[in-house]
Amino acid sequence: MENFFRLVDCEETFSKRCVWVNGPVIVGAGPSGLATAACLKQKGVPFMVLERAECIASLWQKRTYDRLKLHLPKQFCQLPNLPFPPHFPQYPSKKQFIDYLESYARHFDINPRFNQCVQSARYDETSGFWRVKTVATCGSVKNEFEYISRWLVVATGENAECVMPEIEGLKEFKGDVIHACEYKCGERFKGKKVLVVGCGNSGMELSLDLFNHSASPSIVVRSSVHVLPREVFGKSTFELATLMLQWLPLWVVDRVLLVLAWLVLGNTEKFGLKRPLEGPLSWKNRKGKTPVLDIGTLEKIKSGDIKVVPAIKRFDNGCVELVNGEKQDVDAVVLATGYRSNVPSWLQEGEFFSENGFPKCSFPNGWKGNFGVYAVGFTRRGLSGASFDAMKISQDIAQLWKQDTKPNKHRTTACHRRCISQF
């Protein structure tokens, strides 16, 4: 603590409004940040949550399509210490999940500081504290803040920024071009020929939604993809895999899943959906690519209502040329090309995080770095992985925080008058 008061004596530190946080700074108010804050709250540890948007879970509230439902059963998606309401269906809708997150924040009295866009975060070795600089926007007014804390929790997640591919001729294409984060409903594309670029869960679901709204969708499948039924004999495929992994090695579970997929879905390769050589779980562990859980798209592909096409070579005016030489007229393009971490753009740290914005250590050891930096929600294991991280982080910080706040610990009482203390 004494190092902090040496820090506040430096005039450079107070070129911006300075806020001392008596506990960790959590960057991000999505499910990962909320889960960590709730676990800390239960352990009596104060914290500060910084969020660049004006609401919690901005990805879910602003960048998801209307028909979205959780892909996994609700018991695998609930956050620590507060289950979903009993009346929620097995696969809650987008609105139901947002309602759950908002009630979660109210239940644990989590009040993020909104419109706080983090510009940088670095560890000050001289003082032993993290310095997080933000720009806070309120209408047309912008204010700069610097938050100082012993601990930093990175909770911005795997999907902070959308990925925009570079495709020849796309910028000159005259039709509508949107990323999946802008897609809400297929109604605006009624009667149009729409090319969906990307064959993950989003690409598959958007193609189905487009067909249901009387559009003519085609989906670009550039490489191999695992498609699994969401349920097998009335049981969640994910739940079955989780149960089997308790008793069987991963490669055996992969074989079982592929047999079940063949029995339920048939041979997908003859419809343009070639499977990887590795099993679905091994593929996800090595590549980080989640298998597609089919909710009806494959049936429309088999019937020809949704066309599967190979990779794009170029766009030319109102048509697209594919790598096989085929040309198709297209009215609109939806880029279901995924998201990426934005951590490298603001976190000044080179040991814990890699260049791709993920912790260098894989699950379950990627939640803690050196000098009080933590990561939550980067496990590639969805909400259950984020909950695991949140509980581990809160336990670790709570132990350190209690050591630092023992009653007999000597504290210097002088404080620079421009420093705001936050408890």
Ring pair (Phe, Tyr, Trp, His ring centres under 6.0 Å) pairs touching residues 229-254, sequence neighbours excluded, are Phe76-Phe238
Are there over 12 heavy-atom neighbours, none belonging to Lys360, within less than 6.0 Å of that residue's NZ? yes
Output every pair passing salt bridge (Lys or Arg N to Asp or Glu O under 4.0 Å) with a member in residues 236-263, not counting sequence neighbours, ordered by first then second residue. Lys235-Glu239
Looking at residues at least two apart in the chain, or sitting in another chain, which of them share a side chain to side chain donor-acceptor pair (under 3.5 Å) with Trp60? none
Whether Tyr339 and His179 hold their rings parallel, tilted or perpendicular, with breakpoints at 30° and 60°: perpendicular
Would you please classify the geometry between the Tyr374 ring and the Trp367 ring as parallel, tilted or perpendicular, with 30° and 60° separating the classes? parallel
Kindly write out the residues that satisfy salt bridge (Lys or Arg N to Asp or Glu O under 4.0 Å) with Asp396, not counting sequence neighbours, or none if the list is empty. Lys368
Give the table of side-chain donor-acceptor pairs shorter than 3.5 Å for residues 218-232, with sequence neighbours excluded, one pair per line with atom names and distance.
residue	atom	partner	partner atom	Å
His226	ND1	Arg275	NH1	3.4
His226	NE2	Glu278	O	2.7
Glu231	OE2	Tyr91	OH	3.2

Contacts under 3.5 angstrom, residues 46-55 side chains, donor-acceptor by atom type, not counting sequence neighbours:
residue	atom	partner	partner atom	Å
Glu51	OE1	Ala29	N	2.8
Glu51	OE2	Ala53	N	2.9
Arg52	NH1	Glu161	OE2	2.8
Arg52	NH2	Ala160	O	2.8
Glu54	OE1	Lys62	NZ	2.8
Glu54	OE2	Lys62	NZ	2.6

How would you list, by chain and number, every residue that makes a side chain to side chain contact (heavy atoms under 4.5 Å, CB included) with Ala38, sequence neighbours excluded? Tyr104, Phe108, Ile110
All heavy atoms of Ala332 vs all of Phe189, minimum pair found to be CB-CE2, 3.7 Å
Would you be so kind as to tabulate the donor-acceptor pairs closer than 3.5 Å made by side chains of residues 383-392, with sequence neighbours excluded?
residue	atom	partner	partner atom	Å
Ser384	OG	Arg381	O	3.1
Ser387	OG	Leu383	O	3.1
Asp389	OD2	Gly377	N	3.2

Residues forming a salt bridge (Lys or Arg N to Asp or Glu O under 4.0 Å) with Arg150, sequence neighbours excluded: Asp404
Neighbour count above 12 (heavy atom, 6.0 Å) for Lys74 NZ: yes
Looking only at side chains, do Lys94 and Thr64 share a donor and an acceptor under 3.5 Å apart? yes
Given Gln116, Arg17, Lys133, the one that forms side chain to side chain donor-acceptor pair (under 3.5 Å) with Tyr147: Gln116
Of all heavy-atom pairs linking Leu70 and Cys77, the shortest is CD1-CB, 3.8 Å
Output all residues satisfying salt bridge (Lys or Arg N to Asp or Glu O under 4.0 Å) with Arg188, sequence neighbours left out; order by chain, then residue number. Asp176
Please output the side-chain donor-acceptor pairs of residues 200-211 that fall under 3.5 Å, not counting sequence neighbours, one pair per line with the distance.
residue	atom	partner	partner atom	Å
Asn201	OD1	Leu293	N	2.9
Asn201	ND2	Pro291	O	3.2
Glu205	OE1	Tyr65	OH	3.4
Glu205	OE2	His71	NE2	2.6
Ser207	OG	Gly203	O	2.8
Asp209	OD2	Tyr183	OH	2.6
Asp209	OD2	Gly186	N	3.0

Applying salt bridge (Lys or Arg N to Asp or Glu O under 4.0 Å), name anything that partners Lys95, two or more places apart in sequence or on another chain. Asp99
With a 6.0 Å cut-off (strictly less than), is the heavy-atom count around CD of Gln246, excluding the residue itself, greater than 12? yes
Within a reach of under 6.0 Å around CD of Gln348, are more than 12 heavy atoms found that belong to other residues, nucleotides or ligands? yes
Is the NZ atom of Lys69 crowded by more than 12 outside heavy atoms at less than 6.0 Å? no
